[in-house]
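Below is one structure, written out as structure tokens; the observations come after it.
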Amino acid sequence: MSQIRKGAFISYITVAFSIISGLFYTPYLIGKVGNGSYGIYTLVSTFLNYFLIDFGLGNAVAKYLSAYRVKNEREQAGKFISVIFKLFLMLAAVIGMILSVIYFFLESFFTGLTGTELIILKQMYIISGVSSVLLFVFIPLDGILTSYELFTELRAIELLRKIFVIVLSVMALRHSANVVNIVIVNAVAGFIMVGLKLFYVCRKTDLKVEWKHFDIKIIKTVGTFSLWLTIIMVAQRFIIPIAPTILGKFSNSTEISIFSIATTVEGYVFTFASCLNGLFLPRLTQLYIEHDNEEINRLFNKVGRLQVYIIGMILSAFIIFGQEFIMVWVGADFLKAYWVILLIMPTSVIVYAQEVANSILMIQDKLKYKAMCYSVGAVFSTVVSCVLSGRYGAVGAGVGVAACLWGSHVFMMNFIYTRITSLDIKNFFTDCYGRTLPCLAGSVVIGIWINRSAITDSVMLVGVKIAVFCFVLLIIYYFLAFKEDDKVMIKTMLNRLIKR
């Protein structure tokens with residue numbers, strides 16, 4: 001298999017492991033540390049993410065190194081990465097100072113937490129903050145591995161990290177039911193994975209970093225690109241990630257936990273969708289340089305259809321089995337999370353299917369339009385969430401997020417794709433959704449019958465019903481939705497797997 005197919009295959013294995021382990025690990029974690037501590041654990045992670053912004057430099061590494069490789073400019077690549085690493089080092093120092101100052105104001109900001117909860121929050125903040133700043137310096141390693149198309153190694157490291165974290169976390173919780181131990185495990189795992197990435201960069205790339213080089217022209221070149229990506233990243237942190245902080249200010253830790261369950265499920269969808277993220281950037285860069293718009297559109301539709309098949313299946317399954325799943329997974333106290341998920345998940349079927357379009361905007365240096373859309377959406381989402389969270393809790397925050405996603409991520413972004421790029425958006429929607437949506441609608445009816453056919457009281461049994469539903473939908477897909485090249489691709493992959 002090619003690096004792209006191997007990378008995608010390992011990514012799907014990683015997703016499967018994440019979901020299966022999460023089904024057992026998340027309720028185990030909540031049962032061990034309690035709803036409040038679990039909410040604080042989520043709060044610390046999301047709060048720190050506001051400040052751990054790489055200013056678009058991580059994506060810049062993949063974009064510019066891919067272009068240098070296509071043009072065979074190895075010396076320029078070495079000079080470029082030298083400047084990038086130095087910039088990351090300076091940014092890490094600044095972020096470290098900012099987080100140090102903020103530590104002394106945590107108590108005055110998170111007024112919805114009790115005294116005991118604030119003590120736990122501060123302990124986790126120190127551990128996560130220090131480790132995150134140190135690991136921040138090595139973010140460019142992902143871009144290097146992506147630009148050299150070492151997708152197998154990059155995805156394998158991510159799978160190993162997840163296995164490592166789950167195993168050590170369970171061991172730590174069996175020794176002591178202290179949520180702080182989970183933060184320590186994540187920090188240790190992060191440093192080990194950085195070591196593995198460094199090993200592969202040194203062994204499998206011809207990149208020679210010119211450590212003494214510092215070119216102001218490179219900073220100017222990357223500056224504009226990074227500026228717009230920074231705005232996008234900041235805006236994204238004021239949509240879903242900021243919700244726990246808003247709930248911490250206007251609601252309580254219970255509502256934070258409910259929203260956290262919703263974002264955990266949404267995270268599974270994102271993880272499935274992101275299996276293909278970045279895999280096509282080097283190829284798209286080459287096609288763009290060659291002005292091959294026809295092949296770009298073909299790839300856009302092909303990747304989009306695959307994403308719609310997968311995400312559509314997940315969304316349909318959750319609509320049917322979601323309430324029962326949450327009940328047996330984490331308990332009746334979290335049933336409200338079902339409605340939060342139904343608010344924020346549907347846009348995934350469109351947004352995540354258009355990853356190629358997002359990559360094209362990046363390659364064309366047209367990210368300022370995306371930055372504008374996301375900024376408008378972020379402001380709207382934050383205002384609505386603040387207004388509704390006090391009275392409606394997690395559901396109120398979900399309404400704000402959903403309004404933003406539909407307005408900015410779907411309608412505004414597709415207007416941008418139509419006007420700014422050479423992508424055929426009308427053909428994309430016809431090709432990706434014309435056959436698939438009727439299949440999904442019909443499968444929901446079948447799924448409701450399957451769900452009512454047996455009452456289940458365990459995650460395993462619910463999983464069986466979901467598996468039956470997915471198998472039925474795959475059959476429907478194959479005969480009614482899949483195009484001929486989709487069938488050929490699946491048959492080819494299965495044949496190669498069987499031979500292995």
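Residues: numbered from 1 along the sequence shown. What you are looking at is a predicted structure, and each value in this text was computed from that prediction instead of being measured.
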message = Under the salt bridge (charged side-chain N to carboxylate O under 4.0 Å, His left out) definition, can you give me all pairs with a residue in residues 391-419, not counting sequence neighbours?
response = none

note = Sorted by chain and number, sequence neighbours left out, salt bridge (charged side-chain N to carboxylate O under 4.0 Å, His left out) with R298 holds for E295

key: Partner residues of K368 under the salt bridge (charged side-chain N to carboxylate O under 4.0 Å, His left out) criterion, sequence neighbours left out   = none

ask   = Just how far is it from atom CD1 of I420 to atom CD1 of I360, taken to the nearest 0.5 Å?
value = 13.5 Å

request  = Go through the structure and list residues passing salt bridge (charged side-chain N to carboxylate O under 4.0 Å, His left out) with K483, not counting sequence neighbours.
outcome  = D431

query = Rounded to the nearest 0.5 Å, what separation is found between the CD atom of E355 and the CZ atom of F300?
reply = 10.5 Å

request  = Measure across I261 and W329 and return the closest heavy-atom pair with its distance rounded to 0.1 Å.
outcome  = CG2-CZ3, 3.8 Å

remark   = Between the CG atom in L335 and the CD1 atom in I258, the distance rounded to the nearest 0.5 Å is 9.5 Å

task = Using a 4.5 Å cut-off on heavy atoms from C-beta on, say whether the side chain of Y41 contacts that of S260.
result = no

task = Could you list the residues that satisfy salt bridge (charged side-chain N to carboxylate O under 4.0 Å, His left out) with K366, not counting sequence neighbours?
result = none

request  = Apply side chain to side chain contact (heavy atoms under 4.5 Å, CB included) to the pair M313 and L474, showing each step before the final yes or no.
outcome  = CA-CA 9 Å; M313 177 182 290; L474 280 174; 3.7 Å; yes

task = Would you name the heavy atoms of I144 and V61 that are closest together and state the gap between them?
result = N-CG1, 3.7 Å

message = Filter on side-chain hydrogen bond (donor to acceptor under 3.5 Å, both in side chains), then keep only pairs touching residues 463-472, sequence neighbours left out; what's left?
response = E324-K465, N451-K465

query = Could K302 and D485 be called an ion pair, given the rule that one side-chain N must be under 4.0 Å from one carboxylate O?
reply = no

note = Of all heavy-atom pairs linking G398 and I344, the shortest is O-CG2, 3.9 Å

query = Where do V44 and V183 land on the side chain to side chain contact (heavy atoms under 4.5 Å, CB included) test, with the steps shown first?
reply = CA-CA 10 Å; V44 171; V183 178; over 6 Å; no

task = Kindly compute the distance separating CG (D424) from OH (Y417), expressed to the nearest 0.5 Å.
result = 15.0 Å

task = Check for a donor-acceptor pair, side chain of Y477 on one end and backbone N or O of Y309 on the other, with a separation under 3.5 Å.
result = yes

message = Is the shortest side-chain heavy-atom distance between L154 and K197 below 4.5 Å?
response = yes

query = Checking side chain to side chain contact (heavy atoms under 4.5 Å, CB included) for the pair F469/S316: CA distance, chi angles, key distance, verdict?
reply = CA-CA 9 Å; F469 167 77; S316 300; 3.8 Å; yes

request  = Could you tell me the separation between the CD1 atom of I466 and the CD1 atom of I320, rounded to the nearest 0.5 Å?
outcome  = 9.5 Å

note = Tightest non-hydrogen contact, residues P346 and L315, listed as CA-CD2, 3.9 Å

task = If a pair satisfies side-chain hydrogen bond (donor to acceptor under 3.5 Å, both in side chains) and one of its residues is in residues 392-413, list it, with sequence neighbours excluded.
result = none

remark   = Minimal heavy-atom distance between A371 and I232, with the atoms involved, is CA-CG1, 3.5 Å

query = Does W228 reach the side chain of K370, with side-chain heavy atoms less than 4.5 Å apart?
reply = no

ask   = Can you check whether F325 and F318 have ring centres sitting under 6.0 Å from each other?
value = no

task = Could you list all the salt bridge (charged side-chain N to carboxylate O under 4.0 Å, His left out) pairs where at least one residue sits in residues 442-454, not counting sequence neighbours?
result = none

task = Taking all non-hydrogen atoms of both residues into account, name the closest pair between R161 and A189 and its distance.
result = CG-CB, 4.2 Å

task = Check whether any side-chain heavy atom of F471 lies under 4.5 Å from a side-chain heavy atom of V468, and answer yes or no.
result = no

ask   = Hey, does L141 have a side-chain heavy atom less than 4.5 Å from the side chain of Y200?
value = no

key: I350 side chain reached by N414 side chain, heavy atoms, under 4.5 Å   = yes

message = Could you check whether any side-chain heavy atom of M362 comes within less than 4.5 Å of a side-chain heavy atom of L367, counting everything from C-beta outward?
response = yes

note = Residues pairing under salt bridge (charged side-chain N to carboxylate O under 4.0 Å, His left out) where one sits in residues 15-27, two or more places apart or in two chains, turn out to be none

task = Please check if the side chain of S251 supplies one atom and the backbone of G248 the other of a donor-acceptor pair under 3.5 Å.
result = no

Would you mind writing out the side-chain donor-acceptor pairs for residues 382-389 within the sub-3.5 Å range, not counting sequence neighbours?
unit_1, atom_1, unit_2, atom_2, d
T382, OG1, F238, O, 3.0
T382, OG1, A378, O, 2.8
S385, OG, S381, O, 2.8
S385, OG, A397, O, 3.4
S389, OG, S385, O, 2.5

ask   = Hey, does I363 have a side-chain heavy atom less than 4.5 Å from the side chain of L284?
value = yes

request  = Give a yes or no answer on whether the side chain of N358 reaches the backbone of Q354 with a donor-acceptor pair at less than 3.5 Å.
outcome  = no

key: Within 6.0 Å of CZ in F429, more than 12 heavy atoms from elsewhere   = yes

query = Once you round to the nearest 0.5 Å, how far does CD1 of I425 lie from OG1 of T430?
reply = 11.0 Å

ask   = Under the side chain to side chain contact (heavy atoms under 4.5 Å, CB included) criterion, do V410 and L405 qualify, and how do the steps go?
value = CA-CA 7 Å; V410 176; L405 294 177; 5.8 Å; no

task = Could you list all the side-chain hydrogen bond (donor to acceptor under 3.5 Å, both in side chains) pairs where at least one residue sits in residues 336-350, not counting sequence neighbours?
result = E255-K336

Side-chain donor/acceptor pairs under 3.5 Å, residues 434-449, sequence neighbours excluded:
unit_1, atom_1, unit_2, atom_2, d
R435, NH1, F482, O, 3.3
T436, OG1, C432, O, 3.0
S443, OG, C439, O, 3.4
S443, OG, L440, O, 2.7

inquiry  = Around atom CD of Q364, are there more than 12 heavy atoms from other residues, nucleotides or ligands closer than 6.0 Å?
reply    = yes

